[in-house]
2 protein chains.
Amino acid sequence: MARPRKTDQLAAMTDLVCDDRVVHVDAVRAARAALPEGPTLAGLAEVFAALSDPTRLRIIAALAQNELCVCDLAASVATSDSAVSHQLRGLRDLGLVRSRREGRLVYYALDDAHVTALYSQALDHVGHPTTEDA
Amino acid sequence: MARPRKTDQLAAMTDLVCDDRVVHVDAVRAARAALPEGPTLAGLAEVFAALSDPTRLRIIAALAQNELCVCDLAASVATSDSAVSHQLRGLRDLGLVRSRREGRLVYYALDDAHVTALYSQALDHVGHPTTEDA
DNA sequence: ATCACGTATGAATTCCTATTCATTTATTGA
DNA sequence: TCAATAAATGAATAGGAATTCATACGTGAT
């Protein structure tokens with residue numbers, strides 16, 4: 001069933017876990033107990049991934065100021081309408097952004113306080129110079 | 001030099017910015033003023049990217065409990081030593097993690113309060129069930 | 001010195017993601 | 001109805017990223 005282990009405790013731990021050797025059993029036990037569950041982990045990764053792209057960060061920073069229509073958003077963050085639209089779709093699928101149509105224009109706004117909070121916290125930590133500070 | 005614009009104000013804005021049409025000049029101006037500068041933006045994206053991968057997230061969650069050597073870390077997060085080592089290099093290059101050698105073992109620990117704070121804030125927002133809650 | 005073990009590294013593979021370009025849909029005005 | 005504009009979408013391309021496998025490095029023990 002398994003190969004022999006150095007100690008019973010160790011064997012119990014590693015069998016419970018995986019095939020690798022464990023040095024500090026208690027530390028590993030504690031670490032594993034602290035791991036978020038699969039869905040939680042995936043959710044975290046998703047949110048952070050949304051914030052991991054410069055274009056999306058600019059979009060979020062822009063929308064943190066005003067609601068904006070797609071073309072204004074594109075002009076604001078200096079990318080193509082299409083690229084912005086693609087990104088907005090992703091952000092909307094994640095529930096981070098909401099849209100509202102008015103005539104031919106579609107306005108987007110932030111729709112998730114968590115993400116906004118994460119963004120500004122990160123900005124605080126980094127120190128937040130903007131173009132208006134120049 | 002450029003194509004005709006609907007208004008002078010609009011023309012001034014767009015020339016200052018890019019080649020796209022702008023609908024709400026003031027909104028765009030405000031949005032652009034709020035954009036973080038290039039290096040800041042890149043730094044933000046980097047940090048969030050570090051948190052955007054499930055494996056790295058598990059590593060961070062594990063190290064939030066104890067300092068761990070590579071093989072214990074691998075056992076904790078249930079991936080190969082090699083994969084963990086690769087990820088640790090990245091995290092160390094970003095200054096998120098520090099290492100300490102003791103004999104043949106190398107212990108890693110978290111080394112950036114910002115990231116730890118971001119992680120736990122995100123965890124709070126999501127709600128944080130772990131395996132020990134079961 | 002040699003061996004075993006823990007860790008690190010490089011190359012290769014595979015998967016994912018962001019942008020671009022072309023096209024389509026939706027809405028308004030002529 | 002037709003033309004024009006804003007936005008969305010799909011396919012394609014290109015770049016990046018994570019894991020695996022093989023191998024090398026560093027350290028301690030025999």
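Proteins come first, then strands; the chains are lettered A, B, ... in the order of their sequence lines, and each starts at number 1.
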Between [atom2] of [N] and [atom1] of [X], the distance in whole Å:
X	N	atom1	atom2	result
A:E102	D:dT5	CD	P	20 Å
B:R101	C:dA8	CZ	C1'	9 Å
A:R104	D:dA3	CZ	P	15 Å
B:L73	C:dG6	CG	P	15 Å

**OP:** Let me know, please, whether B:V70 or A:G103 comes out on the 5' side of the other along DNA chain C by nearest nucleotide.
**Re:** B:V70
Subject >> B:H114 versus B:Y119, side-chain donor and acceptor atoms under 3.5 Å >> reply: no
Is any side-chain nitrogen or oxygen of [X] closer than 4.0 Å to OP1 or OP2 of [N]?
X	N	result
B:R56	D:dA18	yes
B:T55	D:dA18	no
A:Q87	C:dT19	yes

Original post:
For B:Y107, which contact category applies under a 4.0 Å heavy-atom criterion: base, sugar-phosphate, or nothing?
Top reply: nothing
Subject >> Close side-chain approach of B:L63 and B:Y108, heavy atoms under 4.5 Å >> reply: yes
**OP:** Indicate, yes or no, whether a donor-acceptor pair under 3.5 Å links the base of C:dT7 to the side chain of B:S82.
**Re:** no
Closest to the [X] side chain: [options]?
X	options	value
B:C69	D:dA8, C:dT7, D:dA7	C:dT7
A:S85	C:dT20, C:dT7, D:dT9	D:dT9
A:V106	C:dA18, D:dA18, D:dA8	D:dA8
B:H86	D:dT20, C:dA18, D:dT9	D:dT20

Subject >> Worked check of side chain to side chain contact (heavy atoms under 4.5 Å, CB included) between A:L110 and A:V115 >> reply: CA-CA 9 Å; A:L110 294 182; A:V115 174; over 6 Å; no
Original post:
Hey, are B:D72 and A:R29 close enough for a salt bridge, meaning a charged N less than 4.0 Å from a carboxylate O?
Top reply: no
